Amino acid sequence: MPPSSGSSTATAHSFNKLLNQPRPSSKSRGGGEIDDGTNRLRRNILVEGIPSKADPTLRPRIWKILLRVNEIPTDTYLHYVARGPCEVREKIRNDTFRTLATDRGFKERVREDMLVRLLDAFVWRNHDRAEDQLGFSYVQGMNVLAAPFLYTMPSEIEAFFCFAKFIEEACPLYVQPTLDGVHRGLKLLDRCLQYVDPELFVHLRSKNLSAEIYAFPAVLTLCACTPPLDQVLKLWDFLLAFGVHLNVLCVIAQLLLMRDDIMASSSPMRLLRTFPPLEALPVIGIAVTLVRDLPADLYDELVRHPFEIQNPL
């Protein structure tokens, strides 16, 4: 049941009160604890959800806090844009026109040239990175990962710095040329599913279906490829608050919501080729339950897979 306008207004007031409190200086992921205010913010996101209809300014402000984007240096972005097309512009253009192509609201708010410019700038940003840092260029799926930021943020410049921080810190291995993080996520999806629902796992395997086959788009794009967009944004509120690793469990949650149909089907891939419309709240609810069900070592591996580089033996 959707919240009433009165309760949404009260929730918006609660979020604004929290956002208006003075915040301590941020620390990097490796540098220490999340401050108490951010913890309360995360709890509110999980319990109440961001009432973006009651106050459209909330989501962009909250996303910037969760991503620890404190500075928006306009000159830096304009410097990247001034360099013009990057060396993979053609590859970018081959993807951008398809980005959320069926979502009218997205197309009305985000023009293709904005997406191209942001992705060009991100590639140029990589040219300025130190050689000992993990490198980035444009890879498949990056256009869809950029889309929610351009839709949500008040400006293209804010979208750029949020997207850059998100890619470089939250899921750098998802956008390497080999898509290493994505493939690790898909293997972990199989292992987690085998643990939480062995019967469903065996049924899919009996049809030669692994996560690599049926869940690649959902893992690659953190479910941003599954409409509707308003539900994607609610899911991303949760992922930005608690970690993109949870997307793997969100995909499993979608399978569990389809479980009866999948188990009854002699050809489940027909159902899985296009996932049903996303419903963020039940998916998040199931994902949170799954966290408690997984063994600690498997969950730890899940947490680390989007960003921890594995050294070859």
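Just so it is clear, the structure is predicted and the values come from calculations on it, not from any experiment. The residues of the chain are indexed from 1 along the displayed sequence.
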For the [atom1] atom of [X] and the [atom2] atom of [Y], what is their distance to the nearest 0.5 Å?
X      : Y      : atom1 : atom2 : value
Asp113 : Leu118 : CG    : CG    : 11.5 Å
Leu204 : Gln194 : CG    : CD    : 11.5 Å
Arg104 : Leu229 : CZ    : CG    : 14.5 Å
Ile262 : Ser267 : CD1   : OG    : 12.0 Å
Cys171 : Ile167 : SG    : CD1   : 4.5 Å
Glu168 : Phe136 : CD    : CZ    : 5.5 Å

Decide whether [X] and [Y] are clustered together by the hydrophobic rule: side chain heavy atoms of Ile, Leu, Val, Met, Phe, Trp, Tyr closer than 4.5 Å, transitively.
X      : Y      : result
Leu186 : Met269 : yes
Leu256 : Val291 : yes
Tyr195 : Met263 : yes
Ile213 : Leu272 : yes

Answer with yes or no after comparing the ring centroid distance for Trp236 and Phe166 against a 6.0 Å cut-off, counting only values under it. yes

So, do His127 and Phe122 have ring centers that fall under 6.0 Å from each other? no

Taking the side chain as every heavy atom from C-beta outward, state whether [X] and [Y] have any atom pair closer than 4.5 Å.
X      : Y      : value
Glu158 : Phe163 : no
Lys165 : Cys162 : no
Lys107 : Leu100 : no
Pro227 : Val232 : no

Using residues 139-153 as the side-chain source, report each donor-acceptor pair under 3.5 Å to any protein atom, sequence neighbours left out, with the distance given to one decimal.
unit_1, atom_1, unit_2, atom_2, d
Asn143, OD1, Tyr138, OH, 3.2
Asn143, ND2, Asp95, O, 3.3
Asn143, ND2, Thr99, OG1, 2.8
Thr152, OG1, Pro148, O, 2.8

Could you walk me through whether Trp63 and Val69 pass the side chain to side chain contact (heavy atoms under 4.5 Å, CB included) check? CA-CA 8 Å; Trp63 281 19; Val69 172; over 6 Å; no

Would Asp120 and Tyr80 count as a side chain to side chain contact (heavy atoms under 4.5 Å, CB included) here? Give the steps. CA-CA 8 Å; Asp120 264 338; Tyr80 296 143; over 6 Å; no

Decide yes or no on side chain to side chain contact (heavy atoms under 4.5 Å, CB included) for Arg61 and Leu58, but give the supporting numbers first. CA-CA 5 Å; Arg61 289 160 66 200; Leu58 283 174; 4.1 Å; yes

Does the pair [X]/[Y] count as a salt bridge with the N-to-O cut at 4.0 Å?
X      : Y      : answer
Arg191 : Glu301 : yes
Glu169 : Arg68  : yes
Asp128 : Arg83  : yes
Lys234 : Asp230 : no

Taking only residues two or more places apart in sequence or in another chain, which ones pass salt bridge (Lys or Arg N to Asp or Glu O under 4.0 Å) with Glu212? none

Set of residues satisfying salt bridge (Lys or Arg N to Asp or Glu O under 4.0 Å) with respect to Asp197, sequence neighbours excluded: Arg259

Any donor and acceptor pair, going by atom type alone, linking the side chain of [X] with main-chain N or O of [Y] inside 3.5 Å?
X      : Y      : result
Asp300 : Ala296 : no
Thr11  : Ser7   : yes
Gln176 : Pro172 : yes
Thr221 : Cys225 : yes
His183 : Asp180 : no
Asn126 : Gly135 : no

Which pair of non-hydrogen atoms, one from [X] and one from [Y], has the smallest distance, and what is that distance?
X      : Y      : result
His305 : Gly181 : CD2-O, 3.4 Å
Leu66  : Asp237 : CD1-O, 4.3 Å
Ala121 : Tyr77  : CB-CE1, 3.6 Å
Cys250 : Leu235 : SG-CD1, 3.6 Å
Ala54  : Ser8   : CB-O, 3.8 Å
Gly185 : Tyr174 : CA-OH, 4.2 Å

Per-pair distances, 0.1 Å, donor-acceptor, side chain in residues 240-249, under 3.5 Å, sequence neighbours excluded:
unit_1, atom_1, unit_2, atom_2, d
His245, NE2, Tyr299, OH, 2.9
Asn247, ND2, Ala218, O, 3.2

With sequence neighbours excluded, residues passing side-chain contact (heavy atoms from CB on, under 4.5 Å) with Ala253: Val283, Ile286

Only residue of Asp36, Thr38, Asn44 satisfying side chain to side chain donor-acceptor pair (under 3.5 Å) with Arg40 is Asp36

Arg304 versus Gln310, side-chain donor and acceptor atoms under 3.5 Å: no

Compile the donor-acceptor pairs under 3.5 Å between side chains in residues 274-281 and protein atoms, sequence neighbours left out, one pair per line.
none

Go through it in stages, so that I can follow the logic: the residues are Phe97 and Arg93, the test is side chain to side chain contact (heavy atoms under 4.5 Å, CB included), and I'd like the CA-CA distance, side-chain angles, deciding distance and then a yes or no. CA-CA 7 Å; Phe97 76 95; Arg93 288 297 299 270; over 6 Å; no

